[in-house]
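This report concerns only the one structure given below.
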Amino acid sequence: MYRFVITATTSMAVLFFIFFLTVAEAVDPAESWQKHYNLWFIISIIIWLTVTVPLVYFVFRYKKKREDEDGAYIEGSTFLEITWTGIPIIITIVLGVQSWALFNQYRKVPQDAYEVRVEGFQYGYEMIYSEGIKTLNELRVPVGPVKLSMISKDVIHNFAIPKYKVREDMIPGRMTYQWFLAKEPGEHMVYCAELCGPGHSQMLAKVIVMEKNDFNSWVESYKIESSALSPEERGKNLVKNLGCTSCHSLDGEEIAGASFKGYYGGASILEDGSTVTVDDAYIEESIKNPKAKVVKGYDPFMQPYSLPDEDIKAITAYLKTLK
Amino acid sequence: MSNEEPKGLKAWLLTTDHKKIAILYLYTAAVFFIVALLLAVLMRTELLTSDKLIFGPKLYNVFFTIHGAAMVLFWMIPVLLGFFANYLIPLMIGARDVAFPRLNSLSYWFYAASGVIAVLGLLLPGRLDIGWTGYPPYSITTEANTALYIFAVHLLGASSIGGAVNFITTIITMRAPGMTWGRLNLAVWGFFGAFIIQLIGVPVLAAAVTLLLFDRYLGTNFYDAAQGGSPVLYQHLFWFYAHPAVYVVALPVFGIVSEIISTFSRKKVFGYTSMVVAIMIITVLGFETWIHHLYVAGVANWSRVIFMWATILIGVPTGIKIFNWLATLHKGSIRLTTPMLYALGFISLFTIGGVTGIANGLLGFDIHVHDTHWVVAHFHYVLALSMTMLCIGGVYFWFPKMTGRMYNENMGKLAFWITLLGSLVAFMPHFKLGLDGIPRRYWSIPEVYSSMMIISTIFSYIAIAGFILAIYNLIVSAINGEKAGDNPWRAKSLEWSIPSPPPFYNFEKIPVIEEGPYEYGKPGS
């Protein structure tokens, strides 16, 4: 017994050491995740076969031979019970230690990470860069480690980047963070992975990874570019980036709200039966206080947006172009 | 009280007989099961294309809310703790009824009323679109009628607490002479563990939704971050019950599997004591796992690590049970009846659900797949395939006892294989979607997965057709089935020693118990 305890403790210590090392080697959590998955997958296949092969074998081997036959009278076996308690405990510890080490990588942000603040809202993301730039639903980052400091403006959202195998919730009143290693330039999807309302499935964004030089010149050119756009073009970007098209289609299809196609200048029947013309004032009111005049047949679940007047004018200008 | 059994509709509605109440539970739960299956058909059909096919995002959110609530709260838990526990516990421990028959009746009516309120959430304006989890702030700011959901949970909670008090008392105080703890059926042990979880967990869930009610309608700020509250608090309180609720379902299912495996192997359950210890370990450990639902909710890092260990350690007692079932089959005399097929299918499929559950519990692993279709696939393997199918198997097993008639064996087996094929294939694509990081609760899945979605939808129809066939077989056999006799399985458990269907008073004379329920092939007997 004494010798057993010593052996068990030593081998545990060795296991801990090995697994911390194997995962700690890689600096990219996404890579470590793949290793962790591979180990889990092999173990799981073995477990499933260990259960299913004997199961099928016993069913054929011990099929009843006579109607009045009974099975052998066996109460149990302490040796077997210890075996199939002990081995699963060891497997659990091996997987658990590796997972723990991986988690530490996920939570330990490299010193040189480029930091961006991300604010979630129904239904989109606003990225706020230290250079004083803001973008909507488009996270531009230089190659290298990136840290996201996240918060939500309304309900709980999530910022999931499957390419880098990270996700963390965005919660009102609580800053959360995550980091990933952007290895090479490219564009990757971002999903909201926490139910946030009817627009949940359309709460999408992109991570655009750029070479360091390209990123720097994008930062420089950003302000000049945005002021050079016409109101219609600015409105088009706003409608896209604010996530309006999650509920309001541009091609006449009914989703959860009225389609923007041919919307401006038309007439809508309200809940109380009265009619309203879609003009500048109605659009402004519907953005700032969507519940004031709800069109019949739609549920009033749109949230108020507090946009600057110039943005509302730009959106209105854009809607006029959608005949 | 007279020994005459009352008859007619009034006798059913006003009954305090545990067997009649159990059957009321079964009928009611079956209705919610079918409602939830219909919603599943609608959702799967919508997912055939990535564009809007029939109803779009708003109704999709309503449908998965009611589908989840109906399956977990109004089908799985009631069919196990309302139907099986009610019908079997007094018969298995040698009692004439439960400790508090009228409380038992009240529990049923609270449950039925609660289910009706939840279905109103589907039909009335302000349809519930908050998910069965109902996380604030969304459940506070949405236009949906959150109050309906809260009232349904309150009523159901009252029903559950009443049931838990009733059956824990019954098991402790009403066992027949000689029915020691070591001679109890493993099903009774499973129910016992489940009711302990209900008694401790449900009040916390009730508190969680009560605070939600106050926040939404009375202007309090428990979950409002802007006023110093915390929306994450709700998640802690909710999952403190809602995760152990999984074991409320699992423990009775484990018990029923043991009954079926032992009866149709004609062999004593291998390692009875370790089976009981495993049930009790899961009961206790189940309360230390809830933070795995908050792995990406910004909670303290150390708390995620602690709860990971508790979560994955649950695999150990679960493994003990699986290996003991295998050892029970070894050197048995195996009869492949319909219930046995369901039990064997359960073991194989539950293992898939189990190992993917370990994956979810592994903290580092989960960070990539949290709230994705991986989770959807996992819990459908556990709840839809293995446990719901096993419940059907359990109904088949005790069907001759309840009705005195035999079901149609060939149709029963056919229904099993159809459901198995359907659900085995239907949820496989979701593992792939999850590994690619596609979040759950999306009404529109990216176009690239359209062929997988079509496969998933077609096989989900097949699975549901199998369930419907299994239920149809039961209904027809209850009316026309051949007479089965009192003990068609030649089982040794106490409930098979009395006539089928059992008389109003269960036991003419309270039996004196001399051995456990699984003494098959005992030398010298």
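Order of the sequence lines sets the chain letters (A, B, ...), proteins ahead of strands, with each chain counted from 1.
Looking at B/Y223, there are no atoms closer than 4.5 Å to chain A (heavy atoms on both sides), in backbone or side chain. In this structure, chain A has heavy atoms under 4.5 Å from both the backbone and the side chain of B/N324. Proximity to chain B (any heavy atom under 4.5 Å) is restricted, for A/L80, to the side chain, taken from C-beta onward. Contact of A/Q178 with chain B is not made at all, since no heavy-atom distance falls under 4.5 Å. In this structure, chain B has heavy atoms under 4.5 Å from both the backbone and the side chain of A/S77. Looking at B/V269, the atoms closer than 4.5 Å to chain A (heavy atoms on both sides) all sit in the backbone: N, CA, C or O. Heavy-atom distances place both the backbone and the side chain of A/W48 under 4.5 Å from chain B. Looking at B/S265, the atoms closer than 4.5 Å to chain A (heavy atoms on both sides) all sit in the backbone: N, CA, C or O. Heavy atoms closer than 4.5 Å to chain A are found in the side chain of B/L435, but not in its backbone. Both the backbone and the side chain of A/W84 have a heavy atom closer than 4.5 Å to some heavy atom of chain B. Looking at B/Q227, there are no atoms closer than 4.5 Å to chain A (heavy atoms on both sides), in backbone or side chain. Only the side chain of A/Y177 comes within contact range of chain B, judged by heavy atoms closer than 4.5 Å. For chain B, the nearby parts of A/E168 are the backbone and the side chain; heavy atoms of each come within less than 4.5 Å. Contacts between A/A72 and chain B at a heavy-atom distance below 4.5 Å involve backbone atoms as well as side-chain atoms. Contacts between A/I45 and chain B at a heavy-atom distance below 4.5 Å are absent for every atom of the residue. Proximity to chain B (any heavy atom under 4.5 Å) is restricted, for A/Y106, to the side chain, taken from C-beta onward. For chain A, the nearby parts of B/F270 are the backbone and the side chain; heavy atoms of each come within less than 4.5 Å. Contacts between A/R174 and chain B at a heavy-atom distance below 4.5 Å involve the side chain alone, from C-beta outward. Contacts of B/T133 with chain A are absent, with no heavy-atom separation under 4.5 Å from either backbone or side chain. Interface remark: B/P446 contributes side-chain atoms only to the contact with chain A (heavy atom separation under 4.5 Å). Residue contact with chain A, scored on non-hydrogen atoms closer than 4.5 Å, is absent for B/V375. Only the side chain of A/N158 comes within contact range of chain B, judged by heavy atoms closer than 4.5 Å. Both the backbone and the side chain of B/A359 come within contact range of chain A, with heavy atoms under 4.5 Å apart.
Of the listed residues (B/T328, B/I438, B/L363), the greatest number of heavy-atom pairs within a distance under 4.5 Å of chain A belongs to B/L363. The most heavy-atom pairs under 4.5 Å with chain B, out of A/S152, A/P54, A/A193, come from A/A193. Between chain A and the options B/W443, B/Y135, B/Y520, heavy-atom pairs under 4.5 Å are most frequent for B/W443. Interface summary for chain A: among B/T372, B/I320, B/I358, B/V369, the most heavy-atom pairs under 4.5 angstrom belong to B/I320. For the set B/R266, B/H368, B/R335, B/R490, the entry with the most heavy-atom pairs within less than 4.5 Å of chain A is B/H368. When A/T52, A/I156, A/L195, A/T176 are compared by the number of non-hydrogen pairs under 4.5 Å with chain B, A/L195 comes out ahead. Options A/M203, A/E194, A/K65, A/M189 differ in how many heavy-atom pairs under 4.5 Å they form with chain B, and the most are formed by A/E194. Of the listed residues B/T273, B/I352, B/L336, B/L326, the one with more heavy-atom pairs under 4.5 angstrom with chain A than any other is B/L326. Interface remark: of the candidates B/G228, B/G319, B/S274, B/S274 forms the most heavy-atom pairs closer than 4.5 Å to chain A. The candidate from A/T50, A/I43, A/T92, A/I89 with the greatest count of non-hydrogen atom pairs under 4.5 Å with chain B is A/T92. The greatest number of non-hydrogen atom pairs below 4.5 Å with chain B, out of A/K163, A/E67, A/R61, is found for A/E67. Among the candidates A/V166, A/I47, A/L95, A/T78, the residue making the largest number of heavy-atom pairs closer than 4.5 Å to chain B is A/L95.
Looking only at distances, a side-chain donor or acceptor of B/E46 sits under 3.5 Å from a matching main-chain atom of B/G56. Although no hydrogens or angles enter the test, the distance criterion places a donor-acceptor pair under 3.5 Å between the side chain of B/S262 and the main chain of B/K267. Without hydrogens or angle criteria, B/T351 side chain to B/I347 main chain gives a donor-acceptor distance under 3.5 Å. Remark: side-chain polar atoms of B/Y295 are paired, donor with acceptor, to backbone N or O of B/G361 under 3.5 angstrom. Although no hydrogens or angles enter the test, the distance criterion places no donor-acceptor pair under 3.5 Å between the side chain of A/W33 and the main chain of A/Y164. Counting only distance, with no hydrogens or angles, the side chain of A/K165 and the backbone of B/I367 share no donor-acceptor pair below 3.5 Å. Without hydrogens or angle criteria, A/S249 side chain to A/S259 main chain gives no donor-acceptor distance under 3.5 Å.
Seen from the ring of B/Y60, B/R441 does not count as a face-on cation partner, given the 6.0 Å and 45° thresholds.
Closest approach of B/N61 and A/G197 over heavy atoms only: ND2-O, 3.2 Å. For B/Q235 against B/L294, the heavy-atom pair with the smallest separation is OE1-CG, 3.7 Å. Considering every non-hydrogen atom in both B/I445 and B/H373, the closest pair reads CD1-NE2, 3.5 Å. Contact record, A/R167 with B/H370: NH1-O, 2.8 Å, taken as the closest heavy-atom pair. Between A/I171 and B/A297, the shortest heavy-atom contact is CD1-O, 3.1 Å.
Heavy atoms of other residues, nucleotides or ligands lying less than 6.0 angstrom from NZ of A/K296 number 12 at most. Applying the 6.0 Å contact sphere to NZ of B/K331 captures no more than 12 heavy atoms from other residues, nucleotides or ligands.
There is no side-chain donor-acceptor pair under 3.5 Å between B/Y272 and A/E75. Residues B/D129 and B/Y138 bring a donor and an acceptor atom of their side chains to less than 3.5 Å of each other.
Ring pair A/Y57/A/Y62 is perpendicular by interplanar angle, where above 60° counts as perpendicular and below 30° as parallel.
Among the candidates B/T356, B/N360, B/D436, the single residue satisfying the side-chain hydrogen bond (donor to acceptor under 3.5 Å, both in side chains) test with B/W374 is B/N360.
Between B/E519 and B/K492, none of the side-chain N atoms (NZ, or NE/NH1/NH2) sits under 4.0 Å from a carboxylate O, so this pair counts as no salt bridge.
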